[in-house]
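Everything numeric here is computed off the predicted structure, so don't read it as measured data.
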2 protein chains.
Amino acid sequence: MSLRHALLGLLAERAQSGYDLTKKFELSMKRYAWHASHSHIYPELKRMAAEGLVEVVDEGLRGRRTYAITGSGRTELRNWMLSPPTNAVVRNEDALRLFLLSSLDRPDAEHLLGRIIDTAEREVAHMREVVADVEGIGDADGPPLFGHFAAEFGLRYHLMELDWARWALGRLTSPAR
Amino acid sequence: MSLRHALLGLLAERAQSGYDLTKKFELSMKRYAWHASHSHIYPELKRMAAEGLVEVVDEGLRGRRTYAITGSGRTELRNWMLSPPTNAVVRNEDALRLFLLSSLDRPDAEHLLGRIIDTAEREVAHMREVVADVEGIGDADGPPLFGHFAAEFGLRYHLMELDWARWALGRLTSPAR
DNA sequence: CCGATCATGTAAATAGTTACATGATTTC
DNA sequence: GAAATCATGTAACTATTTACATGATCGG
């Protein structure tokens, strides 16, 4: 159940509403870290509030409820962050397609790799912007910003994917060895 | 529901039992593509058999049932492989920890990065062996082997992770800019 | 004959998605 | 005043995990 730790981590940065959290998942988190929809996030926030890990600190317009992390929430988050991953859950639909590439005949495989390359190129361009944004905001003397490391990881991930797909396509069209 | 596609993909390579499939998940698939346990795999195989995507082609010792992919299973697999990922599910507990790194104070963050570096080094060493094995088996003239591309992807992934973690640790200990 | 591994399952619980549902406020 | 966006929820279903459960065969 890592959703709760994802939420605690985001709330550790700043207090915010379920709606804000949902958007963060949609915009960045779900790309390479964790996927979640609002219908999962809202009930989870309620449960966490009942358990004292978070608390409602403000009720604004349109029923907006701002949640903040509590002391016990911070303890829980730190414990999870530092605990060795026992059997870390990994699910990646795209990586699964890569894994099963050889089940396709050559034309199909080439087509799929072509699409992967296109997508990765777009992702790389996007992540370059994100990284530049984060660098721009940065306060040179302060601690590294939240999201800075994550953005860099995302950029490197997609660059790696792009390199790999190009290499694989090369192998496919002219099996060198 | 990508478990079924993962299973179809593995069965497309060769007919095998739930036990064999479980081990493949345990040994390679779950590292960076898809995670699943036997108690999920067995019922899913039964369901797929009922739907005609796979069939039992052999019953051996100790109740071992060998499943093979059917024509309709191959169609389903190909459709999924070539269909553009609509909202590709990504869940990665380790990447999530990286994402939330800034929620830790500096000593804790350094400790976590150190552990990530150690783990990644071991993974890289392991994947180098796997890649070497697969290359060794290869028939130079034949089509690329199943798992060849996947192993290379795994190696590159962990190399990327290692580079990133070292870079992040450097940033943390001496914030350059 | 004993421990390791092969081999499969079920039950209960939790996690997560999709579809349905509602209404307020802001912007144009 | 209409469309976009803010904001939250519930219900039904499906996916997945954890724990429980059983027994056969193989290697030493």
Side-chain angles (χ1 to χ4, degrees), chain A residues 1-8 10-11 15-27 29-30 33-51 53-67 80 85-93 96, chain B residues 1-8 10-11 15-27 29-30 33-51 53-67 80 85-93 96:
Chain A
M1 193 194 12
S2 295
L3 172 62
R4 87 169 24 191
H5 300 111
L7 293 170
L8 285 173
L10 292 176
L11 290 175
Q16 51 198 314
S17 69
Y19 187 81
D20 298 330
L21 292 163
T22 300
K23 279 206 304 184
K24 287 214 172 137
F25 275 86
E26 204 51 44
L27 290 176
M29 203 90 130
K30 83 166 197 181
W34 208 261
H35 184 268
S37 51
H38 81 275
S39 57
H40 195 199
I41 291 170
Y42 285 114
E44 186 65 27
L45 282 171
K46 272 196 176 175
R47 238 173 285 140
M48 288 162 78
E51 294 175 37
L53 298 170
V54 300
E55 59 186 348
V56 176
V57 290
D58 188 41
E59 306 222 16
L61 289 175
R62 310 179 220 184
R64 175 194 174 90
R65 241 154 306 164
T66 305
Y67 288 90
W80 179 79
T86 44
N87 61 340
V89 170
V90 173
R91 287 211 165 85
N92 188 328
E93 235 182 87
L96 179 58
Chain B
M1 191 195 11
S2 295
L3 172 61
R4 89 168 23 192
H5 300 112
L7 293 171
L8 285 173
L10 292 176
L11 289 175
Q16 51 197 313
S17 70
Y19 187 81
D20 298 331
L21 292 163
T22 301
K23 279 206 305 185
K24 286 212 172 136
F25 274 86
E26 204 52 43
L27 289 176
M29 203 89 130
K30 82 165 198 181
W34 208 261
H35 184 267
S37 50
H38 81 275
S39 57
H40 196 198
I41 292 170
Y42 285 115
E44 186 64 27
L45 283 171
K46 271 195 176 173
R47 236 173 288 141
M48 288 162 76
E51 292 175 38
L53 299 171
V54 300
E55 59 188 347
V56 176
V57 290
D58 188 42
E59 306 224 16
L61 289 174
R62 310 179 219 182
R64 175 193 174 91
R65 239 154 309 165
T66 304
Y67 287 91
W80 179 79
T86 43
N87 60 341
V89 170
V90 173
R91 287 210 166 85
N92 189 328
E93 235 182 86
L96 179 58

Participant: Starting at atom CG of A/L21, determine the distance to atom C1' of D/dC6, rounded to an integer number of angstrom.
Facilitator: 14 Å
Participant: Sort me out a list of protein N/O and nucleotides 20-28 of chain D N/O pairs below 3.5 Å, or just none if empty.
Facilitator:
residue: D/dT25; atom: O4'; partner: B/R62; partner atom: NE; Å: 3.3

Participant: Just to be sure I understand the rule, does B/S17 reach a base, reach only the sugar-phosphate, or reach nothing, if contact means heavy atoms closer than 4.0 Å?
Facilitator: sugar-phosphate
Participant: I'd like to check the salt bridge (Lys or Arg N to Asp or Glu O under 4.0 Å) partners of B/E26; sequence neighbours left out, ordered by chain and number.
Facilitator: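 B/K30.
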Participant: Report the residues that fulfil salt bridge (Lys or Arg N to Asp or Glu O under 4.0 Å) with A/R62, sequence neighbours left out, ordered by chain and then residue number.
Facilitator: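 In terms of salt bridge (Lys or Arg N to Asp or Glu O under 4.0 Å), with neighbours along the sequence ignored, A/R62 is linked to no residue.
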Participant: Output all residues satisfying salt bridge (Lys or Arg N to Asp or Glu O under 4.0 Å) with B/R91, sequence neighbours left out; order by chain, then residue number.
Facilitator: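 Not a single residue meets the salt bridge (Lys or Arg N to Asp or Glu O under 4.0 Å) criterion with B/R91.
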Participant: Please report, rounded to the nearest Å, how far the P atom of D/dT16 is from the CZ atom of B/R91.
Facilitator: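 Distance, rounded to whole Å: 9 Å.
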Participant: In whole angstrom, give the distance that lies between atom CD of B/E44 and atom C1' of D/dT17.
Facilitator: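 In whole Å, D/dT17 C1' lies 15 Å from B/E44 CD.
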Participant: Between P on C/dG16 and NE2 on A/H40, what's the gap in Å once rounded to a whole number?
Facilitator: 5 Å
Participant: Which whole-number value in Å describes the distance from B/K24 NZ to C/dC6 P?
Facilitator: 14 Å
Participant: Check salt bridge (Lys or Arg N to Asp or Glu O under 4.0 Å) between B/D58 and all other residues, then give those that pass, not counting sequence neighbours.
Facilitator: none
Participant: Is the shortest side-chain N/O distance from A/K23 to OP1 or OP2 of D/dT5 below 4.0 Å?
Facilitator: no
Participant: A/W34 side chain: which of C/dG16, D/dA7, C/dA7 is closest?
Facilitator: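 Nearest to the side-chain atoms of A/W34, counting from C-beta on, is C/dG16.
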Participant: NZ of B/K30 versus P of D/dT17: gap in Å, rounded?
Facilitator: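 B/K30 atom NZ is separated from D/dT17 atom P by 10 Å.
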Participant: Write down the distance between CG (B/L7) and P (D/dT16), rounded to a whole number of angstrom.
Facilitator: 10 Å
Participant: What distance separates A/R4 CZ from A/I41 CD1, expressed to the nearest 0.5 Å?
Facilitator: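 If we round to the nearest 0.5 Å, A/R4:CZ and A/I41:CD1 are 13.5 Å apart.
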Participant: Within the structure, does a side-chain N or O atom of A/Y42 lie under 4.0 Å from either OP1 or OP2 of D/dG9?
Facilitator: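 False: A/Y42 side-chain N/O out of range (4.0 Å or more) of D/dG9 OP1/OP2.
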Participant: For A/K46 and C/dT14, give me the distance from atom NZ to atom C1', rounded to whole Å.
Facilitator: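 Interatomic distance, NZ of A/K46 to C1' of C/dT14: 19 Å.
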Participant: Could a donor-acceptor pair under 3.5 angstrom be found where the side chain of B/S39 meets the base of D/dT18?
Facilitator: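 Side chain to base: pair present.
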Participant: Starting the side chain at C-beta, find the nucleotide from D/dT8, C/dA15, C/dA7 nearest to A/R65.
Facilitator: D/dT8
Participant: Please identify each residue that fulfils ring pair (Phe, Tyr, Trp, His ring centres under 6.0 Å) with B/H5, with sequence neighbours left out.
Facilitator: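 For B/H5, the residues satisfying ring pair (Phe, Tyr, Trp, His ring centres under 6.0 Å) (neighbours in sequence not counted) are B/W80.
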Participant: So if I take every side-chain heavy atom of B/H35 and compare against D/dT10, D/dA7, D/dT17, which nucleotide ends up nearest?
Facilitator: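 When the side chain of B/H35 is considered, D/dT17 is the closest of D/dT10, D/dA7, D/dT17.
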Participant: Nearest to the side chain of A/Y19 - C/dA7, C/dT17, D/dT5?
Facilitator: D/dT5
Participant: Quick check for you: to the nearest 0.5 Å, what is the distance between B/D20 atom CG and B/T66 atom OG1?
Facilitator: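 Nearest 0.5 Å value for the CG-OG1 distance: 7.5 Å.
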